[in-house]
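Below, each value reflects all heavy atoms present in this structure, side chains not excepted, and no hydrogens, waters or symmetry copies. Lettering follows sequence order; numbering is per chain, from 1.
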Amino acid sequence: MVNFQNIMETIKMIEEEKLDIRTITMGISLLDCCDSSGEKSRIKIYDKITSYAEKLVKVGEDIEMEYGIPIINKRISVTPMALIAQTSADNNYVEFAKILDKAAETVGVNFIGGFSALVHKGYSKGDKILIDSIPEALAVTERICSSVNVGCTKSGINMDAVRDMGQTIKKTAYLTRERDSIGCAKLVVFANAVEDNPFMAGAFHGVGEGECVINLGISGPGVVKSALEKVRGEKFDVIADTIKKTAFKITRAGQLVATEASNRLNVPFGIVDLSLAPTPAVGDSVARILEEMGLETCGTHGTTAALALLNDAVKKGGIMASSHVGGLSGAFIPISEDEGMIEAVRNGALNLEKLEAMTCVCSVGLDMVAIPGDTPDSTIAAIIADEAAIGVINNKTTGVRIIPVHGKSLGDEVEFGGLLGRAPIMSVNKFSSYDFVHRGGRIPAPVHSFKN
Amino acid sequence: MKAFITVIGDDKIGIIHGVTSILKKNNVNVLDINQTLLQDYFAMMMLVDLKEMSLGFKELKQELQMAGNEIGVTIKIQHEDIFNTMHTV
């Protein structure tokens, strides 16, 4: 039997250190929902999602009640919609977004991911239509999350898509200007996107995935921070070990919940995503973990090294705790969703350039970054290109979720609410990237020998 | 199914009685009890067997929570696996 201290430790993690399961995400293949009639296709999509995910929320709530661990989100990811919708003759896919939104509402999930296109090498007919539909789709729906993969290590970077995504982000910001351009908070531009990511806004159900699957995303920055408080002044060896042990415990809880959800829903278990996902709540911040290691504030020199250690140790501890690890698996460093990151931007310690360096050693990229509304689309595209290059060259996933907040400029702050949090507007480089971005074509795939 | 009941709060007379009377009423068997005083705090954990339980988990949880409110302590009940998996390899 487990001992008294262990039980109290678990309860303390949940009660005081905000340990929770961030999301149970059901991945559903829509590959059999194609139809030459858009309308018929949408009926198939709605029927399939609402029947497969009918019990998802209920099962999540039951597990939460019985195990006493909060499960914050129950979500759905689907096959990239461009693949499904392009069988139809429709020349605009907003109706497909609306039907996903309606299905999500019916089953009671707060987000559905997969209004997506994979264009890392080029556009098919439907990919272009989908990308053109993104701004309106995000403006007229509540629960849709969209992502576009523009680069991959094996094929390089599609710079036409990078340019188009700069424009798409600007249009989305404009169409959702009444709500601080919130549409952009639900749109990710990826390089090396993963097929089994349970986290929004970048989740989609990859074509190599099965019919239906349960993926789970853990959380727990507060637990790691609290564990490190007990080893203040110790060497990095002790820090790394402490993080590994903590990540192991957190991930075990995730594996348990994922297995249980999989059994109760009679859907195969996919992966556990080991990401430390912060929230804007005090005590749930990744930035504060880095500061606990001895940095005066996140963003100062040493931050990249601290994040590298954290990210690696979380993986090492978590991998042993789960039968299948996948998704993004690392530390998330969004600005608006992390109280410590917000503070670091406010006090001038963290800028976009340092954030970019940090993305070289963690699992996501430039995440939930608010920039001035008058930033040119070519500058946004160039930011995407930089981030995609980091991913493609280093053989890792990177993403850009950037919000050019309409009508806001440096010194302003924007409030998205809920888990999306709030963000100070960050400054971008004033010099132009226009000619660079408008060359078009592809940046070739990198060589993976002669590493230096 | 087995579960752990944990009781945390200010020490006072009748805490164990308050909890076990609910368990008796609902046919829940107590397998093990461990209690301690952490500073002035009363902390108790109980391993219980819910196999013969005469009501649902949710209802039992509510009854325990209500009793906790009356006594002035926090009472939780959680499936044992959450503790077993987190603390054993």
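- For B:Ile13, the CD1 atom is loosely surrounded, since the number of other residues' heavy atoms within 6.0 Å does not exceed 12.
- Within the 4.5 Å cutoff, side-chain heavy atoms of A:Met8 are placed close to those of B:Ile8.
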A:Glu61/B:Lys58 under salt bridge (Lys or Arg N to Asp or Glu O under 4.0 Å): CA gap, chis, key distance, verdict = CA-CA 11 Å; A:Glu61 285 167 355; B:Lys58 193 175 179 181; over 6 Å; no
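- Here the CD1 atom belonging to B:Ile82 is positioned 5.5 Å from the CG atom belonging to A:Leu256, to the nearest 0.5 angstrom.
- In this structure, the separation between CD1 on B:Ile5 and CD1 on A:Ile7 is 11.5 Å, given to the nearest 0.5 Å.
- Scanning all heavy atoms of the two residues, the minimum distance from B:His87 to A:Glu9 falls at CE1-OE1, 3.4 Å.
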ask   = Could you walk me through whether B:Phe57 and A:Asp62 pass the side-chain contact (heavy atoms from CB on, under 4.5 Å) check?
value = CA-CA 10 Å; B:Phe57 189 94; A:Asp62 285 352; over 6 Å; no
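- For B:Ala43, the parts lying under 4.5 angstrom from a heavy atom of chain A are both the backbone and the side chain.
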task = Would you check, one step at a time, whether the test side-chain contact (heavy atoms from CB on, under 4.5 Å) holds for A:Ile14 with B:Lys76?
result = CA-CA 12 Å; A:Ile14 295 169; B:Lys76 294 180 188 305; over 6 Å; no
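- A 4.5 Å side-chain heavy-atom check between A:Tyr67 and B:Asp81 finds at least one atom pair inside the cut-off.
- Looking at A:Arg252, its side chain does come within 3.5 Å of a backbone N or O of B:Thr88 through a donor-acceptor pair.
- For A:Gln5, no part lies near chain B; criterion is any non-hydrogen pair under 4.5 Å.
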Check against side-chain contact (heavy atoms from CB on, under 4.5 Å), B:Gln78 and A:Glu66 = CA-CA 6 Å; B:Gln78 289 162 274; A:Glu66 285 173 31; over 6 Å; no
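- In this structure, chain A has a heavy atom under 4.5 Å from the side chain of B:Thr6, while its backbone stays farther away.
- At most 12 heavy atoms of other shown residues, nucleotides or ligands fall within 6.0 angstrom of atom CE in A:Met320.
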request  = Give the intermediate values and the outcome of side-chain contact (heavy atoms from CB on, under 4.5 Å) for residues A:Ile11 and B:Phe83.
outcome  = CA-CA 9 Å; A:Ile11 288 177; B:Phe83 305 105; 4.2 Å; yes
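- Between B:Met45 and A:Asn3, the closest heavy-atom pair is CE-C, 4.3 Å.
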